[in-house]
Number of protein chains: 2
Amino acid sequence: MTRHDPIQSCDSCPIRANAVCADCAPDEIAVLDRAKTYRTVPAGGRLAEAGEPLTYFSSIVSGCATMSRTLEDGRRQTVGLLLPSDYIGRPGRSTSAYDVEAVSEVTLCRFECATFERLLRETPHLATRLLTMTLDELDAARDWAVVLGRMTARERVAAFLVSLARRQARLSHQAEPTRAIALALPLSREAIADHLGLTIETTSRQFTALRKAGAIETPSTRLVQIPDFERLALEAGEDDDGGMIA
Amino acid sequence: MTRHDPIQSCDSCPIRANAVCADCAPDEIAVLDRAKTYRTVPAGGRLAEAGEPLTYFSSIVSGCATMSRTLEDGRRQTVGLLLPSDYIGRPGRSTSAYDVEAVSEVTLCRFECATFERLLRETPHLATRLLTMTLDELDAARDWAVVLGRMTARERVAAFLVSLARRQARLSHQAEPTRAIALALPLSREAIADHLGLTIETTSRQFTALRKAGAIETPSTRLVQIPDFERLALEAGEDDDGGMIA
DNA sequence: CGCTTATTTGAAACAAATCAATGATTGTGG
DNA sequence: CCACAATCATTGATTTGTTTCAAATAAGCG
C-alpha cells in the first residue's frame, strides 16, 4: 500500500473521476470542496453500526471497508465490500442499516447529512451521479444474490476473486483486467468467508483447490496471482464472453 | 383476485401513492399522465429478458412478476419479487440485466426510455422518488443476501413469508401486518425455491415443518394462514423487536 | 525469539440436494 | 360431468457438499 499525502482539494482527489462527485461541473465541485471534510480511520475502526445514528454521508477515498450484519447467534454476512469511490450512508435516513468497518486504514471524504441533502437538491449532477451509483450497487447486490443462492463453494471463491480483479482494474481506469493479474486481498480469510456465506475452513479449502487446479497461485495469504483471468472466470460459472447467462 | 376496470388517469391509479410518481405535484403528474401508456401481460409472459433490449421504463400497477437469472446449466436464482408500485428498467441502460416474467396477469404503466429520461431531468420529484425507491431496493437486496448467505432452509421459508406479509400490509397502507394474517402466495413452490436458493423438495419440506410446528396453516398450496406474525418472525431469525441484529 | 493470531488440513456429523415415487390439483376432451 | 392427462406438490431413501469439531502449521508482532 502506497502512502498518500493528505489531500487538500478536490482537484487532486484520487476518486474525483468515479465518486459521487464525478459528474459535477467545476462550479459544483467548488461548492463541494468547501463543504467536505476528511477523516482517517485506522484498520479495524468502526465507520457505522447497525441501528445506530449515522450523521455523515461519506465516500471512501482510500482503503477498504466491509458492510455487514451480524445475527444474534453470531452468524455474520457481509453485504458489501467498500472500495475507493464507494459511499457510506443514505440520504433521508439518519441511522445505518449495517455495520461498516474499516479493514485497512480508511480515509473518508464526508459531508454532514443535512448539508449533503441540501447539496443533493442544489447540485443536479450530484443527484444523477448518486442515482447511477445506487443503481450500479443494486445490480451488484443482485448479482451477488445469484452467487450466494446458487453457487458452490468453489464457484463463490472464484467469483469473489474475479469481482475483486474487475474492481481493481476499474480503479486503475482499465475496462477489463489483463490476462494475468496480481491481486492484493484486502480481506482476511474469515472476512472473505463472511462475504461468501461460507465458513473459514471451506473458504480455505477452496483456495487450495483452485491453486491445485492451476487457476490461481498464492505466494502469500494476502496475495493471489491469476495467470489467466478468463480461466478463473470460467471457474466462477461465467461463460466464455463474460455473461453468466445461458 | 379482483378484476379491476382499466385505469384511465393517474388520479384513479392504485399505485399513485407508492410508485415512482408518488412524490410528484399535480402539475408534474399532469405531464406523466400524458406520457404514460398501459400494457397488460398474461401470466407467464416475459416482461424483459437478460441481455436483451428493454425499451420501456415500467411500473407494476397490478399483478406480480419475478426478476431472475438462469445459469447455463439451468440453475436459477430469483433476485427480486416485483409487486405493485415496483419498477422494471433502468434509466441509462438499454438492456435488461435479468429475466423478468409475469407470474400472474400483470398490468404495467410505462414510458419509453428516452421519454422517461427526459422526464427524470425535468421533474425533480420524479428523480428524488426514484432515488429513494432504488435505495430501498438496495437495502432489500442486501437484507436478502443475509437470508441467502447465512440462513437455514427453515429460516429462509419463514423469512420469505414474513417479507411477503410485510409487503402485502404496506400495499394496503398499513405499517405492520396484524397479528393473524392470511397470505395469498403469488408464487409456485418452484418459484419460491428459486427465490430462496433451495430446491423445490426442501422448500416443500420446510412448509410442512412450519405447519407441524404451528407457525403457519396451509388451507391450500397457494394460501398460508399466519396465526401469530411475531411467532413466524422469530422463526425467520428476527429478534423480538423486528431487527435481525444482535 | 517466543507468543499470539491466522490459516490450513483432517475426520466426523449434518443439512440440503438428488433420486425416486406417490398424492393432489388443474385443465381438457369425450 | 367425469375420466384422463398433465402439472404441481409432498414424502421417502440415499448421496453429497459443507459445516463442525479438532489439530497442526504458518504468519505476524512485541
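Every chain is numbered from 1, with letters handed out A, B, ... down the list of sequences.
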Indicate the ring-plane relationship of H195(A) and F160(A), choosing parallel, tilted or perpendicular according to the 30° and 60° boundaries.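 Perpendicular: the ring planes of H195(A) and F160(A) meet at over 60°.
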Contacting residues from residues 187-198 of chain A, given that a heavy atom lies under 4.0 angstrom of DNA chain D: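 Hits under 4.0 Å, by residue number: G197(A), L198(A).
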Rounded to whole angstroms, how far apart are [atom1] on [X] and [atom2] on [N]?
| X | N | atom1 | atom2 | answer |
| --- | --- | --- | --- | --- |
| R150(B) | dT19(D) | CZ | C1' | 11 Å |
| L148(A) | dG17(D) | CG | C1' | 17 Å |
| I200(A) | dT9(C) | CD1 | C1' | 13 Å |
| Q206(B) | dG12(D) | CD | C1' | 15 Å |
| D73(B) | dA17(C) | CG | P | 15 Å |
| M151(A) | dA17(C) | CE | C1' | 18 Å |
| I216(B) | dA9(D) | CD1 | C1' | 14 Å |
| R222(A) | dT5(C) | CZ | P | 16 Å |

May I ask you to evaluate whether T202(B) reaches the phosphate of dA15(C), defined as a side-chain N or O under 4.0 Å from OP1 or OP2?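 T202(B) to dA15(C) OP1/OP2: no side-chain N or O under 4.0 Å.
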Output yes when at least one side-chain N/O atom of S204(A) is less than 4.0 Å from OP1 or OP2 of dT7(C), else no.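 No, outside the criterion.
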Supply the atom-to-atom distance [X] [atom1] to [Y] [atom2], rounded to the nearest 0.5 angstrom.
| X | Y | atom1 | atom2 | answer |
| --- | --- | --- | --- | --- |
| E101(A) | T78(A) | CD | OG1 | 8.5 Å |
| Q168(B) | S163(B) | CD | OG | 11.0 Å |
| D139(A) | D136(A) | CG | CG | 6.5 Å |

Salt bridge present between [X] and [Y] (N-O < 4.0 angstrom):
| X | Y | answer |
| --- | --- | --- |
| R46(A) | E52(A) | no |
| E217(A) | R211(A) | no |
| E190(B) | R76(B) | no |
| D99(A) | R69(A) | no |
| E235(B) | R231(B) | yes |

Which residue lies toward the 5' end of DNA chain D, S220(A) or T199(A), if each is placed at its nearest nucleotide?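 It is T199(A) whose nearest nucleotide is closer to the 5' end.
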If you check every side-chain atom of T221(A), which of dT18(D), dA16(C), dT8(C) has the closest atom?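 Per side-chain heavy atoms of T221(A), the pick is dT8(C).
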Could you go over nucleotides 21-26 of chain D and give all protein N or O partners under 3.5 Å, atom names and distances?
{"from": "dC21(D)", "atom 1": "N4", "to": "E201(A)", "atom 2": "OE2", "distance (Å)": "3.1"}

For V100(B), which of T66(B), I60(B), L82(B) qualifies under side-chain contact (heavy atoms from CB on, under 4.5 Å)?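 Considering T66(B), I60(B), L82(B), a side-chain contact (heavy atoms from CB on, under 4.5 Å) with V100(B) is found only for L82(B).
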Short question: side chain of R156(B), backbone of L148(B) - any donor-acceptor pair under 3.5 Å?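 Yes; at least one donor-acceptor contact below 3.5 Å.
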Any donor-acceptor N or O pair under 3.5 Å, side chains S172(B), Q174(B):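 Distance-only check passes for S172(B) and Q174(B).
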End-to-end bend of the helix from dC1(C)-dG30(D) to dG30(C)-dC1(D) (five-pair axes, 10° rounding)?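 Answer for the end axes of this duplex: 40°.
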